[in-house]
Amino acid sequence: NAGVMQNPRHLVRRRGQEARLRCSPMKGHSHVYWYRQLPEEGLKFMVYLQKENIIDESGMPKERFSAEFPKEGPSILRIQQVVRGDSAAYFCASSPSRTGAQETQYFGPGTRLLVL
Amino acid sequence: QKEVEQDPGPLSVPEGAIVSLNCTYSNSAFQYFMWYRQYSRKGPELLMYTYSSGNKEDGRFTAQVDKSSKYISLFIRDSQPSDSATYLCAMNGNTNAGKSTFGDGTTLTVKP
């Protein structure tokens with residue numbers, strides 16, 4: 001039973017390029033969450049999605065960042081025109097579809113983005 | 001002021017010691033309280049979660065929640081070198097639509 005999958009595990013981009021991070025939730029999970037972790041800090045919530053819907057994007061920077069979770073395929077976190085401050089570990093989590101399971105978020109291994 | 005404050009580390013203990021990890025919070029709406037373990041350069045692993053106040057035990061781990069004091073704890077008995085990791089507390093509430101708020105983590109080292 002595969003867990004949450006994220007790819008790539010490591011991503012290097014130059015300033016101004018685009019970064020695309022992918023997340024496949026656990027089987028049977030239709031709730032996806034993205035978090036960012038800066039060095040020596042805890043995880044900071046970015047966005048919560050269900051299939052084809054953004055439920056809460058209160059943690060997303062207003063510019064350059066976007067997320068989607070299409071009907072088919074993985075969830076995508078997209079960062080346009082990356083800057084050095086975007087360098088961080090980006091974690092995806094998923095949870096079951098049933099109501100009340102919001103506490104049981106299972107995390108993927110993360111994508112470590114380095115902006116040169 | 002952060003919504004969730006976690007005791008800063010690092011914490012170093014000898015093997016077999018009892019470890020106490022703590023977090024305080026300010027948001028009264030939090031109902032679910034979680035503890036995650038994160039090994040270096042890995043994703044967080046859910047250890048335990050508790051709904052509302054009370055204690056929960058799982059093997060060597062005990063989670064306590066005191067909502068009146070807005071204080072949660074994780075106790076590790078008979079600590080092992082394999083417990084060496086960063087421990088993150090997290091919490092959310094019914095109105096948060098799944099958004100979890102994390103502490104900054106406490107790094108624990110258990111020395112053999």
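Labels below follow one simple rule: chain letters A, B, ... track the order of the sequence lines, proteins then strands, and each chain is numbered from 1. Everything numeric here is computed off the predicted structure, so don't read it as measured data. The figures here come from the full heavy-atom set of this structure, side chains too, leaving out hydrogens, waters and symmetry mates.
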Undergrad: Rounded to the nearest 0.5 Å, what separates atom CZ in Phe91(A) from atom NZ in Lys42(B)?
TA: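 Result: 10.5 Å between the selected atoms.
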
Undergrad: Are Met5(A) and Ile76(A) linked, directly or through intermediate hydrophobic residues, by side-chain heavy-atom contacts shorter than 4.5 Å (ILVMFWY only)?
TA: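 Ile76(A) does not cluster with Met5(A).
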
Undergrad: Are Val65(B) and Phe75(B) joined in one hydrophobic group, where the rule is that I, L, V, M, F, W and Y side chains link up if heavy atoms are under 4.5 Å apart?
TA: no

Undergrad: Quick one: does any side-chain atom of Tyr35(A) pair with a main-chain N or O of Ser100(B) as donor and acceptor, under 3.5 Å?
TA: yes

Undergrad: What is the minimum heavy-atom distance between Gln105(A) and Asn92(B), and which atoms define it?
TA: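 Nearest heavy atoms, Gln105(A) then Asn92(B): NE2-ND2, 4.1 Å.
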
Undergrad: Same cluster for Val4(A) and Leu77(A) if Ile/Leu/Val/Met/Phe/Trp/Tyr side chains link at under 4.5 Å?
TA: no

Undergrad: So which part of Gln37(A) gets closer than 4.5 Å to some heavy atom of chain B, the side chain, the backbone, both or neither?
TA: side chain

Undergrad: What about Tyr90(A) and Phe107(A), same hydrophobic cluster or not, with Ile/Leu/Val/Met/Phe/Trp/Tyr joined at side-chain heavy-atom distances under 4.5 Å?
TA: no

Undergrad: Assess whether atom CZ of Arg15(A) is packed by more than 12 heavy atoms of other residues, nucleotides or ligands within 6.0 Å.
TA: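 It does not: Arg15(A) CZ has 12 such atoms or fewer within range.
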
Undergrad: Under 4.5 Å from any heavy atom of chain A, what part of Glu45(B) do you find: side chain, backbone, both or neither?
TA: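 No part of it gets close to chain A.
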
Undergrad: Take Phe45(A) and Phe102(B), measure what side chain to side chain contact (heavy atoms under 4.5 Å, CB included) needs, and give me the verdict at the end.
TA: CA-CA 8 Å; Phe45(A) 169 82; Phe102(B) 282 78; over 6 Å; no

Undergrad: Just by modelled atom types, is the Pro109(A) backbone N or O under 3.5 Å from a matching donor or acceptor in the Arg41(B) side chain?
TA: no

Undergrad: Ignoring hydrogens, what is the shortest heavy-atom contact between Pro44(B) and Leu43(A)? Give both atom names and the distance.
TA: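 Minimum heavy-atom separation between Pro44(B) and Leu43(A): CG-CD2, 3.9 Å.
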
Undergrad: Among the clusters formed by ILVMFWY side chains lying less than 4.5 Å apart, do Tyr32(B) and Ile55(A) turn up in the same one?
TA: yes

